Amino acid sequence: MTTATAIAELDAKHGILIDGAALGAAATFEVHDPATGQVIAEVADGTVAEATAAVDAAHRAFPGWAATNPRARSEILRRAYDLMIADIDRLAALICAENGKSQADARAEVGYAAEFFRWFAEEAVRTDGAYGISPAGGTRTLVTHKPVGVAALVTPWNFPAAMATRKIAPALAAGCTVVLKPAAETPLTALAIAGILSAAGVPAGVVNMVPTTDAAAVVENWLSDDRVRKVSFTGSTGVGRVLLKQAADRIVNASMELGGNAPFVVTADADVEAAVAGAMVAKFRGGGQACTAANRFYVHASVIDEFVSRLGAEVAALRVGPASDPASQVGPLVNARAAQRVTAAIDAAVADGAVIAAQAEAPAEGWFVAPTLLTGVAPDAAILADEIFGPVAPVVVWEHEDDLLRWVNDTEYGLAAYIYAGRLQDAIRLAESFDAGMVGINRGIVSDPATPFGGMKQSGLGREGAREGLQEFQETQYFSVAFD
Ligand code: NAD
């Protein structure tokens with residue numbers, strides 16, 4: 001199947017999904033291929049009217065879905081996993097077309113995204129509670145868990161499949177029904193996943209979707225609706241802050257997966273070859289457009305020359321190009337604005353004294369930015385302060401551990417961190433003092449559906465994946481039982 005056929009079969013002009021029906025809207029919006037800037041689809045542009053109708057449907061479907069036995073919910077999720085894996089070619093093509101990441105990255109994302117269905121199929125049947133004897137005696141206590149209710153899910157464009165399944169799977173496993181707003185840049189993958197869920201047996205009204213260009217109005221509508229009891233958001237810290245303020249008005253249960261500024265530390269006794277391999281994954285997967293992307297490298301003075309020379313060779317050799325070319329390793333950035341922002345960040349760093357130690361070649365057409373290695377970066381340089389969200393690796397030299405720890409934690413973010421060290425005990429000792437929700441130790445990747453994904457500080461609230469991911473969609477209820 002060609003990408004064009006895959007897109008045509010989605011019927012994106014009827015991409016609003018409410019109560020099992022595919023609906024159009026008064027207007028449509030365009031989705032672009034970031035490698036060419038070409039329009040690849042027109043998608044129904046939802047408004048607050050559809051947002052309310054989606055909640056109507058989710059609210060109606062909630063009692064039935066919550067009462068569906070956990071084994072039945074589990075088996076539907078497991079079927080969704082099987083269907084996603086069987087459909088990897090089509091899903092990867094859609095991700096490539098609208099997000100621009102390489103074919104290898106897109107296929108890896110489909111596998112990762114599907115794993116959330118499998119993991120939460122397994123967790124759906126393990127919602128254990130507790131039975132206790134009150135310390136004063138005479139009373140027994142029972143603790144149980146209930147689905148929190150209708151959940152509003154808001155996802156970003158950088159992992160169009162995985163950010164949707166990471167929320168839908170635990171919500172459905174817990175017995176919640178959902179209204180989903182995908183990013184306007186990448187609604188097609190979410191639309192395909194909604195189709196897969198329906199084919200897997202998810203009843204009408206359990207998963208509803210409203211693509212829109214008016215995210216602010218749609219999501220505010222949901223957060224001001226008394227029937228919405230949960231918001232799960234993945235995106236920037238700035239938007240997360242806005243949504244938390246809106247959630248405060250009705251004390252809506254909120255999970256926030258926000259921005260990051262991951263440090264990547266290399267110690268004096270690290271295996272430099274392994275550190276460079278890890279750096280390539282941590283930095284350049286998805287063109288650096290990951291919340292967990294290594295954003296700043298701190299390399300010990302004794303290994304800096306070897307690290308820079310090895311990493312420079314790898315960066316310069318990167319194949320940058322459109323996802324339609326299977327040899328491409330790094331695709332374009334998601335849109336023109338992102339490409340301009342990252343190019344400006346490189347220019348500002350160079351004006352600030354950094355040196356371009358290595359750079360790959362990138363096509364002139366499309367929203368490409370050449371992967372770049374920057375050395376001579378001062379520990380207080382501006383480029384280290386913000387999420388770069390692009391293929392740029394700034395390297396800082398460190399010598400003393402107290403400086404290193406101060407620099408590592410000198411940020412409002414606390415999502416991921418990476419450390420390469422020769423002795424595991426040193427790596428763990430340092431990792432324990434990082435303010436980061438996830439630390440890769442001698443690894444350049446931390447994501448795993450079986451583990452709690454999330455951040456400290458202004459990188460978020462709550463965790464996705466693991467047992468914790470299910471609990472985000474549950475309320476704890478306890479019964480105090482007279483026992484005279
Ligand atoms: P974004 O915050 O601009 O958008 C995220 C989502 O929020 C999109 O669906 C968007 O349409 C919607 N949105 C935008 N403005 C809104 C508003 N005023 N009200 C309601 N919804 C609104 O982020 P992005 O540019 O799509 O994604 C990149 C960001 O996401 C980065 O900061 C990255 O670190 C973060 N991210 C975090 C994680 C994580 O798990 N912590 C994962 C992926 C991405």
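Note that the structure is a prediction, hence the values are computed from the model and not measured.
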Enter the distance from [X]:[atom1] to [Y]:[atom2] here, rounded to the nearest 0.5 Å.
X: Asp403; Y: Asp410; atom1: CG; atom2: CG; result: 12.0 Å
X: Phe120; Y: Ile168; atom1: CZ; atom2: CD1; result: 12.5 Å
X: Leu10; Y: Thr5; atom1: CG; atom2: OG1; result: 11.0 Å
X: Arg467; Y: Thr127; atom1: CZ; atom2: OG1; result: 8.5 Å
X: Arg126; Y: Ser74; atom1: CZ; atom2: OG; result: 8.0 Å
X: Asn208; Y: Lys181; atom1: CG; atom2: NZ; result: 15.0 Å

- Message: Tell me if the centroids of the rings in Phe389 and Trp157 come within less than 6.0 Å of each other.
- Response: yes

- Message: Could you check whether Phe117 and Tyr81 have their ring centres less than 6.0 Å apart?
- Response: no

- For salt bridge (Lys or Arg N to Asp or Glu O under 4.0 Å), just list the numbers for Glu472 and Arg463, CA-CA rounded to whole Å, side-chain angles, deciding distance to a tenth of an Å, and then say yes or no. CA-CA 7 Å; Glu472 298 281 319; Arg463 295 292 182 269; over 6 Å; no

Answer yes or no: is there a side-chain heavy-atom contact under 4.5 Å between [X] and [Y]?
X: Ser236; Y: Leu258; result: no
X: Met209; Y: Leu197; result: no
X: Pro156; Y: Glu257; result: no
X: Leu430; Y: Glu401; result: yes

- Query: Stepwise, does the side chain to side chain contact (heavy atoms under 4.5 Å, CB included) test hold for Phe434 with Val408?
  - Reply: CA-CA 7 Å; Phe434 293 171; Val408 159; 3.7 Å; yes

- Message: Name the residue from Ile95, Asp89, Leu91 that meets the side chain to side chain contact (heavy atoms under 4.5 Å, CB included) definition with Arg107.
- Response: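 Only one of Ile95, Asp89, Leu91 forms a side chain to side chain contact (heavy atoms under 4.5 Å, CB included) with Arg107, namely Asp89.
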
Treating [X] as the side-chain partner and [Y] as the backbone partner, does any N or O pair qualify as donor plus acceptor under 3.5 Å?
X: Arg250; Y: Asp225; result: yes
X: Glu468; Y: Gly462; result: no
X: Arg73; Y: Ala173; result: yes
X: Asn253; Y: Lys230; result: no
X: Thr177; Y: Ala58; result: yes

Give the minimum heavy-atom separation between [X] and [Y], together with the two atoms involved.
X: Ala51; Y: Asn221; result: CB-OD1, 3.6 Å
X: Gly111; Y: Ile85; result: CA-CD1, 4.4 Å
X: Gly260; Y: Leu415; result: CA-CB, 4.0 Å

- Message: Under 3.5 Å, is there a donor on one side chain and an acceptor on the other for Asn261 and Arg296?
- Response: yes

- Task: Could you tell me whether the side chains of Thr213 and Asp45 share a donor-acceptor contact shorter than 3.5 Å?
- Result: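 Thr213 vs Asp45: donor-acceptor pair found between side chains.
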
Answer yes or no: does atom [atom1] of [X] have more than 12 heavy-atom neighbours from other residues, nucleotides or ligands under 6.0 Å?
X: Lys13; atom1: NZ; value: no
X: Arg71; atom1: CZ; value: no
X: His145; atom1: NE2; value: yes

- Task: Verify side chain to side chain contact (heavy atoms under 4.5 Å, CB included) between Phe116 and Lys167, making sure each step is shown before the conclusion.
- Result: CA-CA 9 Å; Phe116 286 103; Lys167 296 183 190 308; over 6 Å; no

- What's the verdict on salt bridge (Lys or Arg N to Asp or Glu O under 4.0 Å) for Arg79 and Asp82, showing C-alpha distance, side-chain angles and the deciding distance? CA-CA 5 Å; Arg79 271 201 296 281; Asp82 291 337; over 6 Å; no

- Output, in order, the C-alpha distance, side-chain angles, deciding distance and verdict of side chain to side chain contact (heavy atoms under 4.5 Å, CB included) for Ser447 and Phe159. CA-CA 12 Å; Ser447 305; Phe159 287 89; over 6 Å; no

- For the pair Arg285 and Ile445, evaluate side chain to side chain contact (heavy atoms under 4.5 Å, CB included) and give the outcome as yes or no after the intermediate values. CA-CA 10 Å; Arg285 193 170 52 105; Ile445 199 158; 4.0 Å; yes

- Message: Using side-chain hydrogen bond (donor to acceptor under 3.5 Å, both in side chains), reason through Gln458 and Thr237 one step at a time and then give a plain yes or no.
- Response: CA-CA 7 Å; Gln458 295 188 36; Thr237 296; 5.9 Å; no

- Would you mind checking if Glu75 and Arg78 are paired as a salt bridge, meaning a charged N to carboxylate O distance below 4.0 Å? no

- Task: Take Thr189 and Glu98, measure what side-chain hydrogen bond (donor to acceptor under 3.5 Å, both in side chains) needs, and give me the verdict at the end.
- Result: CA-CA 8 Å; Thr189 310; Glu98 63 181 356; 2.5 Å; yes

